[in-house]
Amino acid sequence: MTPEQQRQQAQLTFAASGADIQVGQAAGCPLPIEQLLLTTAASPWVRRHFASGLTAEVYQIEAGGRLWTLKRARAQCKVQNLNGQTSFLNEVQRRAELQALKQQPAWTTALSGIVATQYASYRQGLLLSPWIAGEAVQEWDERRLLQLFASLSALLQLGFFDWDLCPGNLLDDGQIRLFDFGYMYRFDPLRACNSNGLLTPQCHAAERFETRSYYAYLLDLEQRRGSAAALSALELEKRIALECYQHLRQTLARRGASHNVLAWLDGIIGDWQQALRHDLARLYLREAWRSHWSDLDDDLQGQTCTPLTLQRLDWLTDCLDAQATELQRLDLLQDKPVAAWRQQLEQAREQALAWQIGG
Ligand SMILES: Nc1ncnc2c1ncn2[C@@H]1O[C@H](COP(=O)(O)OP(=O)(O)O)[C@@H](O)[C@H]1O
Ligand SMILES: [Mg+2]
């Protein structure tokens, strides 16, 4: 079994066991638990209702003189795969661990971008956090990138790997906040690249952010302000990611990380340094091709496609038409003929159209 399969197995066993995981105390809730459990969009304590979440119903509620986020698990998660089905359990597990770490003085500041959990119970399907009065990120500037990578750095050092750094899971209220841990899994940062051990070294924190969020932003930048602006935005992000990874490498080496992990980080660091010095455009193309394919794949696997899925498909199709030779030279087409890639894109488009969830 792969590490991911072991984790899935353990979560299914836990789900079948009837045991609960609870974070915080009922007494610490601003409303009685019974009342929270009865919450509907019409409840007088509800200010706003977000029905678009895939795992949960999310409500903004007002109680005890302030605003809170109430997340109620859906009976059936809308993401059609095993990780989707266990994502609420997973989130409660992560919240229990992260809330305990946030209370340790050594980690309080480093984890300030991670939302607090006031109360959570897996069996009650209930999760209560302070409301983040923020906005989705429209422009990724230096401050936002630095804050995000600072949080990611702390999480990686502590052995948390977040696979779903999508725009809907990041809010900015002057500080970049993370609040959705449905696909954040544990791993040993001294011995593994991510929560799949050493099996998928192509997946790492910067890659996850680029795949889920940043290349969607760059796609939009390309269209609004042209490719030079998109290229310089990539440069900014890579410089910040590079510094983050260099620091991470140092810290993990000091803590006795394995040769495999250090060599893997050295490879990524060296690659970025080289590209930043000599050939950023090529790095842009390589990461874009990878990001758009990978995110497309996630959407198709979960059968949850959006208009953005179609935009990514447009980008891939245009890129294949205009730059097939360069893609071949960068070894991105893996010996598969261009016609086969085109056919795959056409098939993906049909599926993406069939699996639109809107929004
Ligand atoms: N603590 C919070 N403060 C403000 N908004 C939140 C908070 N938690 C969730 N939201 C809003 O609800 C949406 C769905 O919440 P999320 O935790 O991402 O659920 P899901 O697992 O369904 O994706 C988010 O995209 C965000 O807009
Ligand atoms: Mg989410």
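Any value given below was found using the heavy atoms of this structure, including those in side chains, with hydrogens, waters and symmetry copies removed. Atoms within each ligand, like the ligands themselves, are counted from 1 in listed order. Quantities reported herein were computed from a predicted structural model and do not represent experimental measurements.
When hydrophobic side chains of Ile, Leu, Val, Met, Phe, Trp and Tyr are connected at separations under 4.5 Å, Leu12 ends up clustered with Leu82.
For ligand 1, the 4.0 Å heavy-atom shell contains residues Gly53, Leu54, Thr55, Ala56, Val58, Thr69, Lys71, Pro130, Trp131, Ile132, Gly168, Asn169, Leu171, Phe179, Asp180.
Checked by atom type, the side-chain pair Ser151/Gln147 shows no donor-acceptor distance below 3.5 Å. Side-chain contact annotation: Tyr284 with Glu222, donor-acceptor N/O pair under 3.5 Å present.
The side-chain hydrogen bond (donor to acceptor under 3.5 Å, both in side chains) test with Ser112 singles out one residue from Lys102, Gln175, Arg177, and that residue is Gln175.
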TODO: Might you work through the side chain to side chain donor-acceptor pair (under 3.5 Å) test for Gln124 and Tyr119, ending with a clear yes or no?
DONE: CA-CA 11 Å; Gln124 289 170 330; Tyr119 179 81; 2.7 Å; yes
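Here the N, O or S atom of Asp180 that is nearest to the Mg ion (ligand 2) is OD2.
In this structure, Phe209 and Leu145 have side chains that are in contact, with non-hydrogen atoms separated by less than 4.5 Å.
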